[in-house]
Asks: 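Questions regarding the structure given below will be posed in turn.
Indexing begins at 1, ligand by ligand and atom by atom, following the structure's order.
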Amino acid sequence: MAQKFKNYINGRWENGVTTGASENPSDLADMVGEYSRADIKQTQEAIRAAADARGAWGGSTPQRRADALDQIGSEIIARKNELGELLAREEGKTLPEAVGETVRAGNIFKFFAGESLRIGGERLASVRPGVDVEVSREPVGVVGIIAPWNFPLAIPAWKIAPALAYGNTVVFKPAELVTACAWALAEIISRAGLPAGVFNLVMGSGRQVGQALVDSAQVDAISFTGSVATGEQILKATAARRAKVQLEMGGKNPLIVLNDADMEQAVECAVQGAYFSTGQRCTASSRFIVEAGVHDAFVSRVRDRVKALRVGHALQRDTEIGPVVSSDQLAQNLSYVEIGRNEGAELVWGGEALTRDTRGHYMSPALFLAQPQHRIAREEIFGPVACVLRADDYEHALSLANDTPFGLCAGICTTSLKRATHFKRHIQAGMAMVNLPTAGVDYHVPFGGRKGSSHGPREQGRYAAEFYTTVKTAYTFA
Ligand code: TXE
């Protein structure tokens, strides 16, 4: 019998109005479970519960918050293999990638356990005699968390953990494709001793549950990761009611490879950054910008490496690239392969739907030679599809790298300190990598982008305090 995942509202597990199925993208015959879809009324109940719990949690001691977060993080890490297997089964990244993500989620909770003990402030002398000025940080209130499917544990962790650490209450809406992971996380959080209403899980569609969170006057802040189109809608709606908002959207991340690069290292950075996790990372490299002197050698070595990648069931030991997450995403990826061909880009390898022993959403990783104006070189595809652009020299490569509406992450492979330093200063991105893949970041430092990729304060690390707290300036005359 399929496992059933319920919503968690005001400290109780509740059935929804309808149900949905969570599938295994590696094997469509394997149903991961059945989840309850909340409706607008249940979402509003969860919001009310979170609003009622604000005082109790906002006024709780940092020690209590630290203990709860530490317990959650420790349990996630202790159960990394089991949770990693669930994640690989539901989302389709390979087992080692999924176990890695699980450990990362656990570490994030433990990091913010410490941060709840380090909420600081300032005391300054006033410009007026006899007056003291204190600047302190307070919780924002009720935070609505709207998450995507591509990191089903890590992204919710990096939003829920700081929200709770800084004394906010939470209504969490996961993506419908990954409700088993969301439920598993909520189940762990439900046993951490939080008062009823402090943390709520509501599963369901973006149009109903997500929109209800975005529109509710009782939700003080929205943290969102997902597509540009949804992010823009959320930005308009939250601006209209002056709610705090943080948006993490797409990328079209470049990796520059210069003539002086260590070629083996550059090929590894390219392959790992573009294709691992099936290219479904917002920090994935999708444009390789290669200096003319090494262009042909780079293309031939990446093609050989990509040809040899083993695409298969996410839980099989020798799989390097798992399936695409859903039939819709697979259709989108394949349609971009068609678009690339039709606009005159040269397909060097891959880009085809594949069959395996089990029925799933498999495709071969694709490598194109493209021109900067091609849509496949400009739009986020969010799958294992990358293109190579030829650059005359470093300056040309940098200008191609910056010629995009996005600005999440960017990388360069070079042995020149001068070029690497210039790149770090002049690349228009929130994160810059030298001789490293664009995807793969630490959990204790800020994460986020510029231009069309992100909006609002950074996520992760101690910079998360900017979003999850509000500042008060108090004056005392004594
Ligand atoms: O995103 P959506 P989807 C990109 C990627 C992918 C595309 C579509 O290009 O192909 O987005 O993915 C909720 N009000 N990224 O459909 O729709 C929704 O239920 C409030 C990049 O998954 O943006 C889900 O929980 N919420 C990205 C979340 O928003 C709404 C990661 C994201 O869904 C809503 C994922 C609404 N009106 C996809 N409509 C990255 N950059 O990491 C939907 N939602």
Asks: Please report whether atom 33 (O) of ligand 1 has a protein non-hydrogen atom at a separation of less than 4.0 Å.
Replies: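 Flag for atom 33 (O) of ligand 1 set to false, no protein heavy atom closer than 4.0 Å.
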Asks: Glu459 and Lys159: salt bridge (charged side-chain N to carboxylate O under 4.0 Å, His left out), yes or no, with the steps?
Replies: CA-CA 8 Å; Glu459 304 202 71; Lys159 295 178 188 294; 3.1 Å; yes
Asks: Decide whether the shortest distance between a heavy atom of Phe151 and an atom of ligand 1 is less than 4.0 Å.
Replies: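 No, Phe151 has no heavy atoms under 4.0 Å from ligand 1.
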Asks: Please check: side-chain N/O of Arg305 versus main-chain N/O of Glu268, any donor-acceptor pairing under 3.5 Å?
Replies: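 No, because the side chain of Arg305 does not come within donor-acceptor range (under 3.5 Å) of the backbone of Glu268.
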Asks: Near Gln211, which atoms of ligand 1 are under 4.0 Å from a heavy atom of that residue?
Replies: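 With Gln211 as reference, the close atoms of ligand 1 come out as 14 (N), 20 (C), 36 (C), 37 (N).
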Asks: Before we go on, tell me: are the rings of Phe447 and Trp158 under 6.0 Å apart, centre to centre?
Replies: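 Phe447 vs Trp158: aromatic centres under 6.0 Å.
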Asks: Is Met249 in polar range of ligand 1, meaning some N or O pair under 3.5 Å apart?
Replies: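 Checking ligand 1 against Met249, an N or O pair does fall under 3.5 Å apart.
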Asks: Does the Lys NZ or Arg CZ of Lys93 fall within the cation-pi geometry relative to Phe151 - under 6.0 Å from the ring centre and within 45° of the axis?
Replies: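 Yes - Lys93 lies over the ring of Phe151, closer than 6.0 Å to its centre and within 45° of its axis.
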Asks: For Lys173, take its heavy atoms, then give the atoms of ligand 1 lying under 4.0 Å from any of them.
Replies: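 What qualifies from ligand 1 is 13 (C), 18 (C), 19 (O), 25 (O).
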Asks: Heavy atom to atom 27 (C) of ligand 1, shortest distance: which of Gly226, Ala284, Ala182, Cys282 holds it?
Replies: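 It is Gly226 that holds the nearest heavy atom.
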Asks: Within the 4.0 Å heavy-atom shell around Gln233, which atoms of ligand 1 are there?
Replies: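 Reading through ligand 1 atom by atom, the close ones are 37 (N).
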Asks: Compute the shortest N/O to N/O distance between Thr225 and ligand 1 and return yes if it is under 3.5 Å, no if not.
Replies: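 For ligand 1, there is no N or O atom that lies under 3.5 Å from one belonging to Thr225.
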Asks: Closest by any non-hydrogen atom to atom 26 (N) of ligand 1: pick that one out of Ser227, Gly204, Gly210.
Replies: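 Ranked by closest heavy atom to atom 26 (N) of ligand 1, first place is Gly210.
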Asks: Quick one: which ligand 1 atoms are inside 4.0 Å of a heavy atom on Trp149?
Replies: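 That gives atoms 3 (P), 12 (O), 22 (O) of ligand 1.
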Asks: In Å and rounded to the nearest 0.5 Å, what is the OG to CG distance from Ser190 to Asn200?
Replies: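 Answer for the OG-CG pair, Ser190 versus Asn200, is 11.5 Å.
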Asks: Would you tell me which option among Ala175, Gly206, Pro174, Gly144 has the nearest heavy-atom contact to atom 44 (N) of ligand 1?
Replies: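 Heavy atom nearest to atom 44 (N) of ligand 1 belongs to Gly206.
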Asks: Look at atom 16 (O) of ligand 1 and say whether a protein heavy atom is found at less than 4.0 angstrom from it.
Replies: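 Answer no: nothing from the protein, no heavy atom, is under 4.0 Å.
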Asks: How many angstroms lie between CG in Asn402 and NE2 in His426, if you round to the nearest 0.5 Å?
Replies: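 Spacing of CG (Asn402) from NE2 (His426) equals 10.0 Å.
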Asks: Quick one: which ligand 1 atoms are inside 4.0 Å of a heavy atom on Glu380?
Replies: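 Near Glu380, meaning under 4.0 Å from one of its heavy atoms, ligand 1 has 4 (C), 5 (C), 9 (O), 21 (C).
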Asks: Angle between ring planes, Trp13 versus Tyr8, binned at 30° and 60°: parallel, tilted or perpendicular?
Replies: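 Aromatic pair Trp13/Tyr8 classed tilted.
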